[in-house]
A.B. asks: 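Here's a structure for you.
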Amino acid sequence: MQRMSDQPERWTQATVYPDMWADLDDDPRNNEDSPDGELATLQDFLANYRMTLRMKCEGLDPEQLARRSVVPSTMSLLGLLRHLAEVERDWRNWLGDGEPLPKLYGAKDADFHGAVAEQAVVDAAYADLEREQAATDAALAAYEDLGRRVGKDGIAIRELMVHRVEEYARHCGHADLLRECIDGRVGQ
């Protein structure tokens, strides 16, 4: 597996602010209408972070997506896609008291270890992520009261929603650095 060692020249598509991914008028996340209410705000932030992750992966081939950061890390953009699919599935386990859903990729860290530079793996990762996001969104839509406590640990729906935003935000930070190391593209 190739490691990120060469230092590509930094670049962006933005013409106004050189540290941005795209100009504000061209950024699909630029929503000037602030949502009303707590749930709508949480969903808006989550949607923007999900879009950010996809934007960070756009235009890369399987080798670039699977390229790992630095030894001993197994982190790659493809690994992040697979990891977030796994996490989306696990969040549904927090909602109930029954048997947990099985892991998508198997043993601990298989989401990152199995992120290999093959188009079939890339295609499966995107499909898995989309399916797991939709399933978690649908499961959470059944809960109107964000203060309701669910599952064996009694987690509040609000806490789960905030944790989802936090997980994507944290990994979008990783994706910023990974993408810049791959081809030099910078931005928020």
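Counting from 1, the numbers follow the sequence of the chain as shown.
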A.B. asks: Answer yes or no: is there a donor N or O on one side and an acceptor on the other, between the side chain of R89 and the main chain of K103, under 3.5 Å?
C.D. replies: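 Not at all, since once roles are kept as given, no pair shorter than 3.5 Å links the two residues.
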A.B. asks: What distance do R179 atom CZ and L65 atom CG have between them, rounded to the nearest 0.5 Å?
C.D. replies: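 The CG atom of L65 is 8.5 Å from CZ of R179, to the nearest 0.5 Å.
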A.B. asks: Please assess E86 against R82 for the test salt bridge (Lys or Arg N to Asp or Glu O under 4.0 Å), listing each intermediate value before the final yes or no.
C.D. replies: CA-CA 6 Å; E86 192 78 77; R82 290 166 50 96; over 6 Å; no
A.B. asks: Does V122 share a hydrophobic cluster with Y105, counting links as ILVMFWY side-chain heavy atoms below 4.5 Å and allowing steps through other members?
C.D. replies: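 In one cluster: no.
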A.B. asks: What are the two closest heavy atoms between A66 and V116, and how far apart are they?
C.D. replies: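 Scanning both residues completely, I find the closest heavy atoms to be CB-C, 3.8 Å.
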A.B. asks: Is D137 paired with R164 through a side-chain N to carboxylate O contact shorter than 4.0 Å?
C.D. replies: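 D137 and R164: salt-bridged.
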A.B. asks: So, taking the atom named CD in E159 and the one named CG in L146, what distance separates them when rounded to the nearest 0.5 Å?
C.D. replies: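 These two atoms lie 12.0 Å from each other.
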A.B. asks: If the plane angle is over 60° it's perpendicular, under 30° parallel, otherwise tilted; pick one for Y168 and W91.
C.D. replies: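 Geometry flag for W91 against Y168: tilted rings.
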A.B. asks: Looking only at heavy atoms, which two atoms of L101 and R92 are closest? And how far apart?
C.D. replies: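 Nearest heavy atoms, L101 then R92: CD1-NH2, 3.4 Å.
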A.B. asks: For residues L104 and L95: do they belong to one hydrophobic cluster (side chain heavy atoms under 4.5 Å, members Ile, Leu, Val, Met, Phe, Trp, Tyr)?
C.D. replies: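 No; tracing contacts between hydrophobic side chains, which count when under 4.5 Å, never links both residues.
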A.B. asks: Are the side chains of I157 and V150 in touch, meaning some heavy atoms are under 4.5 Å apart?
C.D. replies: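 SC-SC contact between I157 and V150 confirmed.
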A.B. asks: Answer whether the closest heavy-atom distance between the side chains of V165 and Y49 falls below 4.5 Å.
C.D. replies: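 Result yes, sub-4.5 Å side-chain heavy-atom pair found.
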A.B. asks: Atom CH2 of W94 and atom CG of L140: how far apart are they, to the nearest 0.5 Å?
C.D. replies: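 W94 CH2 to L140 CG: 11.0 Å, rounded to 0.5 Å.
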A.B. asks: Identify whether the distance between the nearest side-chain nitrogen and carboxylate oxygen of R54 and E58 falls below 4.0 Å.
C.D. replies: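 Salt bridge flag = no for E58 with R54.
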A.B. asks: Within the 4.5 Å heavy-atom criterion, are I182 and L60 side-chain neighbours or not?
C.D. replies: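 Yes; the side chains approach each other to less than 4.5 Å.
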A.B. asks: Could you report the tightest heavy-atom contact between A156 and G147, atom names first, then the distance?
C.D. replies: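 It is CB-O, 4.2 Å.
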A.B. asks: Hey, are S76 and R68 close enough side-chain-wise for a donor-acceptor pair under 3.5 Å?
C.D. replies: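 No, no side-chain donor-acceptor pair sits under 3.5 Å.
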A.B. asks: So does E63 get a backbone contact from the side chain of D61, meaning a donor-acceptor N/O pair under 3.5 Å?
C.D. replies: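 Flag set: sc D61 to bb E63 pair under 3.5 Å.
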A.B. asks: Compare every heavy atom of I155 with every heavy atom of L160, then report the nearest pair and how far apart it is.
C.D. replies: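 Residues L160 and I155, closest heavy atoms: N-CD1, 4.1 Å.
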A.B. asks: Can you measure from CG (D128) to CG (D111) and round to the nearest 0.5 angstrom?
C.D. replies: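 Nearest 0.5 Å value for the CG-CG distance: 11.0 Å.
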A.B. asks: Using the side chain to side chain contact (heavy atoms under 4.5 Å, CB included) rule, take L53 and H171 through it: C-alpha gap first, then chi angles, then the decisive distance, then the call.
C.D. replies: CA-CA 8 Å; L53 180 66; H171 289 313; 5.6 Å; no
A.B. asks: If you define the side chain from C-beta out and look only at heavy atoms, does anything of H83 sit under 4.5 Å from H174?
C.D. replies: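 Side-chain contact under 4.5 Å: no.
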A.B. asks: Is there side-chain contact between C57 and L81, with heavy atoms separated by less than 4.5 Å?
C.D. replies: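 Sidechains of L81 and C57: in contact.
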A.B. asks: Please walk me through it: do D109 and T74 pass side chain to side chain contact (heavy atoms under 4.5 Å, CB included)?
C.D. replies: CA-CA 9 Å; D109 294 331; T74 59; 5.6 Å; no
A.B. asks: Does D97 reach the main-chain N or O of K152 with its side chain, forming a donor-acceptor pair under 3.5 Å?
C.D. replies: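 Yes, because the side chain of D97 sits within donor-acceptor range (under 3.5 Å) of the backbone of K152.
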A.B. asks: Quick one: closest heavy-atom pair of M161 and L39, and the distance?
C.D. replies: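 Looking at all heavy atoms of both residues, the shortest contact is CE-CD1, 4.0 Å.
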A.B. asks: Could you check whether any side-chain heavy atom of L80 comes within less than 4.5 Å of a side-chain heavy atom of F112, counting everything from C-beta outward?
C.D. replies: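 Yes. Closest side-chain heavy atoms under 4.5 Å.
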